[in-house]
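Structure record follows, encoded as structure tokens.
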Amino acid sequence: MRHFISSLAIATAFLVPALHPQNPTPPAQSAAQACPPSTTLQELTRALDDAVSGPGNKDRACLRDLLLPEARLTPIRKTPDGTFGPRMLTVDDWINAVAQRGSTAFYERQVKVTSETYGHFAHLWSTYEIRDTPDGPATVTGINSVQAVNDGTRWRVLSVLWEPDSTAGPIPEKYKP
């Protein structure tokens, strides 16, 4: 199963300190650029991978459509004092940070995803790999924790929490594909 967000991991692990609140919000995206509704968790995972992958300055209409407007994207990072903690980002924060990469691209692929569902919500635990090219070697690995909700017709993301192996250490065997 392919998936998504730790291009969030690589992008924000390196770009989060560069966030500037004065960055303008990107212009509204047209509905034609939005992605098809994710009616299954597998479709959501694939769509998220596609939405976060590619050049930093690509159109993020699909990502905006996959995440609830109130969604939070939260990498665990090492702070200047040497401790570790969350950096809570809005969708706009993440998009602005990644856009600073310009045409530099990265590609995320979920290599192992497990899910638990109850009613209209789900938790996805996902091992990801980040690559510089779609088929290149993984340069970063880590774990995503994704909460998703279903409105009766499609799945959308409420939150993503992740940590790359650079701060957490090697991926345990039980989370490898």
Q) Under the side chain to side chain contact (heavy atoms under 4.5 Å, CB included) criterion, do I95 and R64 qualify, and how do the steps go? A) CA-CA 9 Å; I95 291 170; R64 288 181 187 282; 3.6 Å; yes
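- Judged by distance alone, with hydrogens and angles left aside, the side-chain atoms of S126 form no donor-acceptor pair with the main-chain N or O of V113 at under 3.5 Å.
- With W94 as reference, V98 is the one residue of D92, V91, V98 to meet the side chain to side chain contact (heavy atoms under 4.5 Å, CB included) rule.
- To the nearest 0.5 angstrom, T114 atom OG1 is 10.0 Å from K174 atom NZ.
- Between the side chain of S53 and the main chain of D50, no donor-acceptor pair closer than 3.5 Å is present.
- Of all the heavy atoms in S103 and P55, the pair that sits closest is O-CB, 3.7 Å.
- Counting heavy-atom neighbours within 6.0 Å of D151 CG, excluding the residue itself, gives a total above 12.
- The heavy-atom pair separating A51 from K58 by the smallest distance is O-CE, 3.5 Å.
- A donor-acceptor contact closer than 3.5 angstrom links the side chains of S145 and H123.
- Looking at residues two or more places apart in sequence or on another chain, you find a side-chain contact (heavy atoms from CB on, under 4.5 Å) between K176 and I171, E173.
- Of the possible donor and acceptor atoms, one in the side chain of R60 sits under 3.5 Å from a partner among the backbone N and O of V52.
- Between R72 and D93 there is no salt bridge, since no side-chain nitrogen of the basic residue lies less than 4.0 Å from a carboxylate oxygen of the acidic one.
- Taking the six-membered ring wherever Trp is involved, the centroid distance between the rings of Y175 and W125 falls below 6.0 Å.
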Q | Evaluation steps, side chain to side chain contact (heavy atoms under 4.5 Å, CB included), between T79 and F84 | A | CA-CA 6 Å; T79 63; F84 295 88; over 6 Å; no
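- I143 and Y128 get closest at one heavy-atom pair: N-CE2, 3.2 Å.
- In this structure, a donor-acceptor pair under 3.5 Å is absent between the side chains of E129 and T141.
- A distance of 15.5 Å separates OG1 of T127 from CH2 of W162, quoted to the nearest 0.5 Å.
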Q.
Quick one, L66 with S38, criterion side chain to side chain contact (heavy atoms under 4.5 Å, CB included). Give me CA distance, side-chain angles, the key distance, then yes/no.
A. CA-CA 8 Å; L66 293 169; S38 298; 3.6 Å; yes
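- No donor-acceptor pair closer than 3.5 Å links the side chain of K78 to the backbone N or O of S166.
- In this structure, R156 contributes its side chain and D65 its backbone to a donor-acceptor pair below 3.5 Å.
- A side chain to side chain contact (heavy atoms under 4.5 Å, CB included) with V157 is found for one member of L63, L124, L67 and no other, namely L67.
- Separating the CD atom in Q42 from the CH2 atom in W155 is a distance of 13.5 Å, to the nearest 0.5 Å.
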Q) After noting the C-alpha distance and the side-chain angles of Y107 and D132, does the key distance pass the side chain to side chain contact (heavy atoms under 4.5 Å, CB included) rule? A) CA-CA 6 Å; Y107 298 88; D132 294 333; over 6 Å; no
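- Atom CG of residue L41 and atom CD of residue E43 lie 9.5 Å apart, to the nearest 0.5 angstrom.
- In this structure, the side chain of R131 engages the main chain of G136 through a donor-acceptor pair within 3.5 Å.
- Annotation for Y118: hydrophobic cluster partners, listed by chain and number, are L68, F121, V149, L158 (ILVMFWY side-chain heavy atoms under 4.5 Å, direct or chained).
- A distance of 8.5 Å separates CZ of R77 from OG1 of T83, quoted to the nearest 0.5 Å.
- Between the N144 side chain and the V146 main chain, no donor and acceptor come within less than 3.5 Å of each other.
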